[in-house]
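Let me begin by presenting the structure, written as structure tokens, before commenting on it.
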2 protein chains.
Amino acid sequence: MSKAKQLHGFLWLTRPLMQRVEDMVRRGLEGTGLTVRMRAVLEILDARGALSVPDIARALEVKRQYVQLMVNDVIEAGLAEKRDNPRHRASPLIALTEAGAALISEVLAAERTRAGDLADDFTEEELETALRVAERLTGALSDGDRT
Amino acid sequence: MSKAKQLHGFLWLTRPLMQRVEDMVRRGLEGTGLTVRMRAVLEILDARGALSVPDIARALEVKRQYVQLMVNDVIEAGLAEKRDNPRHRASPLIALTEAGAALISEVLAAERTRAGDLADDFTEEELETALRVAERLTGALSDGDRT
DNA sequence: CAGTATTGACAATATATTTGTCATTATGAC
DNA sequence: GTCATAATGACAAATATATTGTCAATACTG
């Protein structure tokens with residue numbers, strides 16, 4: 001099989017794979033009161049600390065107006081809170097509350113456990129290669145069209 | 001880095017990667033009059049021959065009611081047509097017209113060219129591994145939850 | 001300090017897709 | 001064959017996931 005054909009096959013697997021991943025995540029969220037979009041906000045605040053709404057939007061690659069909705073969700077749920085932003089009086093930083101930090105840790109730990117189970121079926125080299133290919137491909141496709 | 005962590009990283013790359021793939025496809029469709037959802041129908045009819053609407057729905061893993069809309073699009077554009085279905089009088093087979101067959105061939109050829117360009121940055125073994133991991137992972141995640 | 005960019009807040013719109021329903025048609029058990 | 005059950009088309013409504021538009025307040029740059 002040609003490389004082009006292999007890559008085409010890989011590219012078209014990304015959609016069903018992504019859907020299954022999101023379904024898995026959604027199941028992991030059952031009982032937590034979280035939605036997938038709330039989880040995304042909590043995860044990035046957990047990884048990067050307090051951020052403003054536009055910061056989160058850039059990280060998630062969605063519009064800031066939509067991030068406002070996501071952030072409103074988590075604030076309303078008591079999982080994050082606004083803090084003064086020294087760099088912009090009217091644009092507060094969004095930070096995890098204790099409850100939010102505890103919840104996202106728990107969720108991520110459960111996901112890691114599940115990922116560990118799945119990872120048992122692969123060698124470290126396979127996973128390393130798959131990750132590297134996906135990363136480089138994502139980068140190449142971000143640059144815009146060269147064709 | 002642990003295998004679980006590698007896999008977790010890979011899983012979370014599927015969404016941005018898929019979005020970039022779809023953007024690439026969308027750009028390839030400019031000027032053809034096709035939408036991504038029309039392209040999906042044409043592709044599967046090209047690969048598998050005439051199918052009924054529910055057959056397409058099962059293949060694409062979306063609801064048959066939505067496939068009806070997709071199929072209406074391509075029929076209205078003259079790219080596919082209804083044919084008698086020997087197995088179900090009221091559920092016609094959907095088949096590519098000549099115009100539809102020509103158009104999807106052209107689109108797929110352009111995509112394969114683009115995939116070939118991207119594939120140049122990888123070895124055959126890398127692509128083979130990435131494809132295999134993605135396939136097995138998709139399969140594993142289809143079975144439902146084992147965790 | 002003037003002009004431009006960023007931000008929050010809120011409304012409207014778009015896109016993709018699912019869910020609900022009903023009448024028609026097929027299928028399988030008897 | 002007949003009856004219950006499932007599959008299908010057609011159409012409407014609802015839902016999820018965003019984007020786009022707009023305005024006033026705030027920040028940044030020359």
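Every heavy atom of this structure was used, including side-chain atoms; hydrogens, water molecules and symmetry mates were not.
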To the nearest Å, how far apart are B/Arg58 CZ and D/dA6 P? 15 Å
Tell me every residue that passes side-chain contact (heavy atoms from CB on, under 4.5 Å) with A/Arg136, counting only those two or more places apart in sequence or in another chain. A/Arg132, B/Asp121, B/Phe122, B/Glu126
According to salt bridge (Lys or Arg N to Asp or Glu O under 4.0 Å), who are the partners of B/Arg64, at least two apart in sequence or on a separate chain? none
B/Asp117 bridged to B/Arg114 by N-O distance under 4.0 Å: no
Show every side-chain hydrogen bond (donor to acceptor under 3.5 Å, both in side chains) that has at least one partner inside residues 91-100 of chain B, sequence neighbours left out. none
Name the pairs: protein N/O against N/O of nucleotides 13-21 of chain D, kept only if under 3.5 Å.
residue: D/dA18; atom: O5'; partner: A/Tyr66; partner atom: OH; Å: 3.2
residue: D/dT19; atom: OP2; partner: A/Lys63; partner atom: N; Å: 2.9
residue: D/dG21; atom: O6; partner: A/Gln65; partner atom: NE2; Å: 3.1

Could you tell me the separation between the CD atom of B/Gln68 and the P atom of C/dG20, rounded to a whole number of Å? 18 Å
Please list, chain by chain and in numerical order, all residues satisfying side-chain contact (heavy atoms from CB on, under 4.5 Å) with B/Glu124, sequence neighbours excluded. A/Lys3, A/Gln6
Quantify the bending of the helix from C/dC1-D/dG30 to C/dC30-D/dG1 as the angle between its end axes, each fitted on five pairs, to 10°. 50°
Are B/Asp55 and B/Arg58 ion-paired here, with the side-chain N under 4.0 Å from a carboxylate O? yes
Polar atoms only, N or O, under 3.5 Å: list the protein pairs with nucleotides 3-5 of chain C and their distances.
none

Spacing of CD belonging to B/Glu106 relative to CD1 belonging to B/Ile104, to within rounding of 0.5 Å: 10.0 Å
Can you give me the N/O atom pairs linking the protein to nucleotides 26-30 of chain D at distances under 3.5 Å, or say none if there are none?
residue: D/dA27; atom: OP1; partner: A/Arg89; partner atom: N; Å: 2.3

How would you list, by chain and number, every residue that makes a side-chain contact (heavy atoms from CB on, under 4.5 Å) with B/Ala90, sequence neighbours excluded? B/His88
Nucleic acid contacts - residues 38-52 of chain B versus DNA chain C, non-hydrogen atoms under 4.0 Å: none
Residues that B/Gln68 engages under side-chain contact (heavy atoms from CB on, under 4.5 Å), provided they are two or more places apart: B/Val53
So which pairs with a foot in residues 73-86 of chain B pass side-chain hydrogen bond (donor to acceptor under 3.5 Å, both in side chains), sequence neighbours left out? B/Arg37-B/Asp73, B/Glu81-B/Arg83
